[in-house]
Number of protein chains: 2
Amino acid sequence: MGSFDHLGVDGHLLRLFVTVYEEGSVSAAARRLDMAQSAVSHALNRLRRLVGDPLFVKSGRRIVATQHAERLVPQARLLMDGLKALTAGDGFDPAQARLSWTVAANDFQRDLLLPRFYTRAAAQLADLRLQVIPSGRPTSEMLREARCDLLISPAPPEGLDIIQKRLFDDRYVCVFDGARRVAPTSAAAFLAGRHVTVVHPSADPLNFDKALEGLGIHRDVVVTVANFSGLAPFLRGTDLVACVPSRLHGLELREFQAAPLPADLLAAAPPGTDTLRMYMAWHLRGQHDPAQAWLRGQLEAVAREMGDDA
Amino acid sequence: MGSFDHLGVDGHLLRLFVTVYEEGSVSAAARRLDMAQSAVSHALNRLRRLVGDPLFVKSGRRIVATQHAERLVPQARLLMDGLKALTAGDGFDPAQARLSWTVAANDFQRDLLLPRFYTRAAAQLADLRLQVIPSGRPTSEMLREARCDLLISPAPPEGLDIIQKRLFDDRYVCVFDGARRVAPTSAAAFLAGRHVTVVHPSADPLNFDKALEGLGIHRDVVVTVANFSGLAPFLRGTDLVACVPSRLHGLELREFQAAPLPADLLAAAPPGTDTLRMYMAWHLRGQHDPAQAWLRGQLEAVAREMGDDA
DNA sequence: TATAATCCATCGATACGATTCATGGATAAG
DNA sequence: CTTATCCATGAATCGTATCGATGGATTATA
């Protein structure tokens, strides 16, 4: 049964298929592809034979995509990108490349990685435009619809067309104003204090906060801010405590004191509670693009340079 | 430059290219493809035009692949698999499917996941043959050369053509014979004891052992065994201590006592030291195969069922 | 309801391209 | 030097993708 001659499919056919899908019309696709309408119709029939599915069925004088066609569209786009990667024209030469890259990242990972990434990458490239957009709660759609090329997040989206790779591990520490209080060394002391944490309205809470929640441990969170940069003013001159990735302590929170989380608090918590693992994620589409692969490599190198320790 | 008509490439051309590469000969490829030799030669020329690279150059009366051709071969194989995924014949029906799956996994992950996976998956399938092979130090070649379909490991290989996904997190605990000693509650007590650990000759040491090593902490390891199943005889009736993933305590080491790692030991260690994160990894080739995707989904479900806690 | 407009499928003609057979130049082996 | 084998090329053939034109079907408009 499977014996449809799938090997007969070529890039032109894929492009035609995707165009028909996007236009929702054979005639419109023909116009966009600068072909005769009948040619598109015939080509579509050929593709129907090759994949063994009607792909589009008539409904009135329009056509609607079958379920199978819906499934095929992203796959077809993927294959077209793969075909492009076959050409020899892709000899990627950093020294002559003028690249534009859009990265979605929230405050912590942005400030930690991207400045160093930029200086490193830009030094080797003819030109680099780096667009950083807020990721919010990162979704696979951002990558699928090419709203960004890469996404940096501790909770990257999953999906069969999404690839993710670990960048670095960090550990949560308590940060506080050393002039106003001392480090909480036990769970009791920790829970007795007043806390400030980061809860972005459109993103997931920190895995640390979620883990405590899951344990039924409720600390006294008196202030929540939308991002890490908002913590400092609340810590300064107060006895508030924040639990943040330790690397942040080397950035915006340099002026404060840091201490490890109370050991007895962690003993009860699930593994990885005190660890924040940062990933980068991208779409399969960009997998074989040598320029993007190079950029990802640079970012990875920056993360590696920092080492896994705080 | 980029203006080679890469869309003109079709599956037949890719297959021809790969065949010529594998045979190292135009004539031999023609025989295997059941075509005339000149047809292959012409087709090869067509492909040369389309991708803008000689692909094979004459050397004596043989031909040798160019660098670019070498790079293209895996990509071509990938695209052929992608094309196969276009056909409608792939409506995957578990109830009628007779599958054969080869998984590379070492002892811990094998015993923990695969029995439950097998019963779960086999119950839904017409037939399932599960081959489990030892992974040793897992390499991307095992996946590339299709020696296995999936690999389960805490240290999955990396590569642009390898996809990995987290299965579950576990935490290291101390395991010992409760009749002979008590739990080490401090780093000092921990280091005063005698230890047994797992070091497989052809695999990486455990991340826990590596982390301690990295800190310059040398505990007194008096016995090493090649896999987890070898631990029990050495623990039984002795004062030896082993640090193993806590889930193992529920399997082979049920008879022993378990205790968390000393907190002060972990405080100095890098984040994630006490966490073992288990991944599955597979080759891009199997990404769009619905049967394999289904099997991976089942395995994931089993891992999820166990929850992230021990 | 009749008419016009638009859509997609089909038909015959045409041009392009893929394959075949036959041949030639090059290399290596006998 | 001869022979066998390899790959490339040329001419001829066959298949097929495209075109323009046409027809059947559906929807919008008067």
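In what follows, chains carry the letters A, B, and so on, assigned in the order in which the sequence lines appear, proteins first and then strands, with residues in each chain numbered from 1.
In terms of modelled atom types and a separation under 3.5 Å, the side chain of Gln164(B) and the main chain of Tyr279(B) share no donor-acceptor contact. At least one donor-acceptor pair under 3.5 Å links the side chain of Arg48(B) to the backbone N or O of Phe56(B). The closest donor-acceptor contact from the side chain of Asp161(B) to the backbone of Leu284(B) lies at 3.5 Å or more, if one exists at all. The closest donor-acceptor contact from the side chain of Gln75(B) to the backbone of Gly82(A) lies under 3.5 Å. The closest donor-acceptor contact from the side chain of Asp149(B) to the backbone of Thr102(B) lies under 3.5 Å. A donor-acceptor pair is defined here as one N or O able to donate and one able to accept, closer than 3.5 Å; such a pair exists between the side chain of Arg285(B) and the backbone of Leu143(B). Side-chain N or O atoms of Ser25(B) include one that pairs as donor or acceptor with a backbone N or O of Ala28(B) at under 3.5 Å.
Under the side-chain hydrogen bond (donor to acceptor under 3.5 Å, both in side chains) criterion, His200(B) pairs with Ser202(B), not counting sequence neighbours.
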Can I get a per-line list of side-chain donor-acceptor pairs under 3.5 Å for residues 30-41 of chain B, giving both atom names and the distance, sequence neighbours left out?
residue, atom, partner, partner atom, Å
Arg32(B), NH1, Glu22(B), OE1, 3.4
Arg32(B), NH1, Glu23(B), OE2, 2.9
Arg32(B), NH2, Glu22(B), OE1, 2.9

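Rounded to whole Å, atom P of dG17(C) lies 11 Å from atom NE2 of His12(A). Atom CG of Leu33(B) is separated from atom C1' of dA18(C) by 14 Å (rounded to the nearest Å).
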Footprint string (nucleotides 3-16 of chain C, 5' to 3'): B base within contact, S backbone only, - free, heavy atoms under 4.0 Å: --BBSBBBB-----

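The span of DNA chain D lying next to chain A, judged by atoms under 4.0 Å from heavy atoms, is bounded 5' to 3' by dA17(D) to dT27(D).
Each end of the helix from dT1(C)-dA30(D) to dG30(C)-dC1(D) yields a helix axis from five base pairs, and these two axes differ in direction by 20° (to the nearest 10 degrees).
The list of ring-ring contact (aromatic ring centres under 6.0 Å, His included) pairs with a residue in residues 122-167 of chain B, not counting sequence neighbours, is empty.
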